[in-house]
Amino acid sequence: MKLDILLGLQWGDEGKGKIVDYLSPKYKIVARFQGGPNAGHTLVFNNKKFVLHLIPSGIFRQETINVIGNGVVFDPVIFEQEVNNISEFADVKNNLYISSRAHLILPTHKLLDAAYEKAKAENKIGSTLKGISPAYTDKIGRNGIRIGDIFEKDFNLKLNSTIDNHKKILEFYNFEYSVNDLLDKWLVAIEKLKNYKIINTEYFLNNHLNAGNSILAEGAQGTMLDVEFGTYPFVTSSNTIAAGANSGLGISPKKVDKIYGIFKAYTTRVGYGPFPTELFDDNGKEIQQKGNEFGATTGRPRRCGWLDLLVLNYACLINGVTDLIMTKADVLSDFNNIFVADKYIINNQQCNELPLYLTENIKPNYLKFKPWGKINNIKHFENLPDSFKTYIDFIEKFTKTKISVISTGVDRNDIIIK
Ligand code: GDP
Ligand code: IMO
Ligand code: MG
């Protein structure tokens with residue numbers, strides 16, 4: 001009877017989808033608790049690649065139940081596309097339960113996202129433009145529409161009045177838009193959505209826990225994109241941290257056992273916002289190329305840089321990480337020198353904690369590590385090169401947290417358990 005949580009410790013795309021897919025057989029249920037289709041979680045098995053945006057990454061395991069929790073914001077059009085993409089390989093109608101409390105992303109939320117970004121001009125966030133921020137704004141502002149509302153008599157009334165309000169804002173922003181086609185498609189998707197298992201997932205999940213079954217909560221985005229603790233305002237609009245799993249699923253913190261924190265052996269970021277260890281040289285380009293660092297949702301190139309241990313330590317602290325999972329060290333196989341930042345120098349002062357703003361005058365202090373060569377065919381920790389073990393050991397000591405899983409490639413089975 002326990003809830004384990006897996007979440008990203010950097011700026012997203014740490015490899016959450018791959019690891020959740022790998023771990024799923026150990027759990028009765030995999031549940032998403034926040035975010036929406038801004039997420040892109042990549043899974044590779046049997047030489048096939050899938051990118052999931054809304055559906056949890058346990059969906060390809062037949063014995064695993066998947067849940068979209070109340071904390072998620074849900075786009076029915078993207079959901080339908082996703083179901084079609086995977087229908088040959090997953091039984092979504094049977095294996096997925098959706099919270100009636102999850103809020104809907106309306107077509108006008110996406111338009112508002114675009115209008116706000118345009119108005120921000122050079123200060124824009126680099127949003128995925130999936131309507132995430134306007135949907136959460138309506139939720140917190142008590143103007144949102146929830147999935148359960150689609151069965152209510154006054155649904156159309158509520159929808160029309162919300163869309164009318166959105167249109168007024170779009171007009172205020174002088175944003176040119178056309179919503180009718182989008183709305184027609186959205187309404188068709190809503191009708192299809194009615195065929196899925198829409199339930200009070202908070203009862204469902206707690207009943208399973210009480211019956212002795214275990215649940216894995218799958219985070220989206222990463223700690224540095226959390227609306228409270230990330231690089232605000234260059235963040236997403238939900239709580240991506242461990243605490244988000246409790247409010248986003250309706251499960252007590254008392255039920256939490258392991259908190260898996262996943263990080264890349266280096267750092268990436270999509271969109272705008274500060275990134276102290278970002279590389280603008282050939283090393284950055286090489287990481288991007290070898291790591292195939294292009295956004296799974298928008299295809300945008302990801303900015304790349306060295307591992308930032310201040311970020312990692314902060315994320316371990318905020319989340320209470322019990323087990324670290326490291327991905328993509330194989331990408332650094334051909335590098336002669338590998339660096340990690342262990343402190344910042346700000347105005348000639350050493351700094352071991354993240355300041356409120358990660359401003360441009362931060363100079364990361366780098367430590368150099370020896371190359372480790374190819375690791376992608378190695379299956380057992382003992383067989384890894386000593387130089388790589390030194391890297392692992394250093395991170396464990398620095399974060400005071402054990403690294404229990406190492407991912408060495410894109411495939412489900414490219415995993416070393418330590
Ligand atoms: P997520 O959003 O955290 O699920 O991560 P993404 O799927 O957006 O990005 C991670 C990318 O790295 C995907 O293309 C994965 O297939 C890939 N990946 C995951 N783990 C590894 C690894 O250990 N090595 C390599 N080379 N690629 C990996
Ligand atoms: P996964 O789950 C990486 C980034 C966007 C933008 C900022 C706000 O795949 O790790 P939003 O669409 O939420 O308004 O965007 O957050 N972002 C992500 N970056 N991985 C993600 O998800 C992301 N989801 C949002 O690029 O900078
Ligand atoms: Mg991703």
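Note that the structure is predicted; figures quoted are calculated from it, not measured. As the structure lists them, so they are numbered: ligands from 1, and atoms in each ligand from 1. Reckoned from all heavy atoms, side chains included, excluding hydrogens, waters and symmetry mates.
A donor-acceptor pair is defined here as one N or O able to donate and one able to accept, closer than 3.5 Å; such a pair exists between the side chain of Gln10 and the backbone of Tyr266.
Relative to atom 11 (C) of ligand 1, the option among Arg412, Lys290, Gln221, Lys328 with the closest non-hydrogen atom is Lys328. The heavy atom nearest to atom 3 (O) of ligand 1, out of those in Arg302, Glu293, Lys16, is found in Lys16. Here atom 20 (N) of ligand 1 lies nearest to Ser407 when heavy atoms of Ser333, Gly15, Ser407, Ala39 are compared.
In this structure, Thr408 counts as a contact residue of ligand 1, since one of its heavy atoms falls inside 4.0 Å of the ligand. In this structure, Lys16 counts as a contact residue of ligand 2, since one of its heavy atoms falls inside 4.0 Å of the ligand. Judged by the shortest distance from any of its heavy atoms, Val235 lies inside the 4.0 Å radius around the atoms of ligand 2. Residue contact annotation: Gly126 has a non-hydrogen atom under 4.0 Å from ligand 2. At least one heavy atom of Arg300 sits less than 4.0 Å from an atom of ligand 2. Contact annotation: Gly40 has at least one heavy atom less than 4.0 Å from an atom of ligand 2.
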Next on the checklist: Please determine whether side-chain hydrogen bond (donor to acceptor under 3.5 Å, both in side chains) holds for the pair Ser407 and Lys18, giving the CA-CA distance in whole Å, both sets of side-chain angles, and the decisive distance to 0.1 Å.
Outcome noted: CA-CA 9 Å; Ser407 166; Lys18 172 192 159 155; 2.9 Å; yes
Checklist entry - Can Asp138 and His103 be said to form a side-chain hydrogen bond (donor to acceptor under 3.5 Å, both in side chains), step by step? => result CA-CA 9 Å; Asp138 272 350; His103 279 245; over 6 Å; no
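Listed by number with element, the atoms of ligand 2 under 4.0 angstrom from any heavy atom of Ala39 are 1 (P), 2 (O), 9 (O), 22 (O). Taking every heavy atom of Gly17 and a limit of under 4.0 angstrom, the matching atoms of ligand 1 come to 4 (O). Residue His41 has at least one heavy-atom neighbour below 4.0 Å for each of these atoms of ligand 1: 1 (P), 2 (O), 4 (O), 7 (O). The distance from ligand 2 to the heavy atoms of Gly271 drops below 4.0 Å at these ligand atoms: 27 (O). Near Ala220, meaning under 4.0 Å from any of its heavy atoms, are these atoms of ligand 2: 2 (O). Those atoms of ligand 2 that come under 4.0 Å of a heavy atom in Trp11, given as number and element, are 3 (C), 19 (N). Annotation for ligand 2: atoms under 4.0 Å from non-hydrogen atoms of Val270 are 3 (C), 19 (N), 26 (O), 27 (O).
The Mg ion (ligand 3) lies closest to atom OD1 when only the N/O/S atoms of Asp13 are considered.
The shortest contact between atom 6 (P) of ligand 1 and any protein heavy atom is with Gly40 O, 3.5 Å. Of the protein's non-hydrogen atoms, the one nearest atom 13 (O) of ligand 2 is Thr236 OG1, 2.6 Å. Of all protein heavy atoms, the one closest to atom 10 (C) of ligand 1 is Asp13 O, 3.6 Å. Nearest protein neighbour of atom 11 (P) of ligand 2, counting heavy atoms only, is Ser127 OG, 3.7 Å. Considering only non-hydrogen protein atoms, atom 16 (O) of ligand 2 sits nearest to Leu225 CD2, 3.6 Å. For atom 19 (C) of ligand 1, the closest non-hydrogen atom of the protein is Lys18 CD, 4.0 Å. Ranking protein heavy atoms by distance to atom 20 (N) of ligand 2, first place goes to Asp13 OD1, 3.1 Å.
Contacts of Asp330 with ligand 1, taken as heavy-atom pairs under 4.0 Å, involve the side chain alone. Contact annotation: for Val331 versus ligand 1, heavy atoms closer than 4.0 Å belong to the side chain alone. Here His41 has side-chain heavy atoms under 4.0 Å from ligand 2, and that is the only part of it that gets that close.
Checked against a 3.5 angstrom limit, the closest N/O atoms of Tyr272 and ligand 2 fall outside it. Considering backbone and side-chain N/O atoms, Gln221 comes within less than 3.5 Å of an N/O atom of ligand 2. Looking at Ser133 next to ligand 2, no N or O pair under 3.5 Å apart turns up. By the 3.5 Å distance cut-off applied to N or O atoms, Asp113 is not counted among the residues near ligand 2.
A salt bridge links Lys374 with Asp334: the closest approach of a Lys/Arg side-chain nitrogen to an acidic carboxylate oxygen falls below 4.0 angstrom. Salt bridge status for Lys110 with Asp75: present, with a side-chain N to carboxylate O gap under 4.0 Å. Ionic pairing of Asp393 and Lys397 is present here: one or more N-O contacts between side-chain nitrogen and carboxylate oxygen are shorter than 4.0 angstrom. The pair Glu396-Lys418 meets the salt-bridge criterion, with a side-chain N (NZ, NE, NH1 or NH2) lying under 4.0 Å from an Asp/Glu carboxylate O. A salt bridge links Glu14 to Lys16: at least one charged side-chain nitrogen sits closer than 4.0 Å to a carboxylate oxygen.
Counting backbone and side-chain atoms alike, Gly295 contributes no N/O/S atom closer than 2.8 Å to the Mg ion (ligand 3).
Among the candidates Arg303, Lys328, Lys285, Arg269, the single residue satisfying the salt bridge (charged side-chain N to carboxylate O under 4.0 Å, His left out) test with Glu293 is Lys328.
Both the sub-6.0 Å distance and the 45° axial angle are not jointly satisfied by Lys167 relative to the ring of Tyr177. For the pair Lys363 and Tyr344, the cation does not sit on the ring face, since its NZ or CZ is not both under 6.0 Å from the ring centre and inside 45° of the axis.
Looking only at atom types and distance, the side chain of Asn319 has a donor-acceptor partner in the side chain of Thr223 under 3.5 Å away.
When the shell of 6.0 Å around NZ of Lys343 is examined, it contains more than 12 heavy atoms from other residues, nucleotides or ligands.
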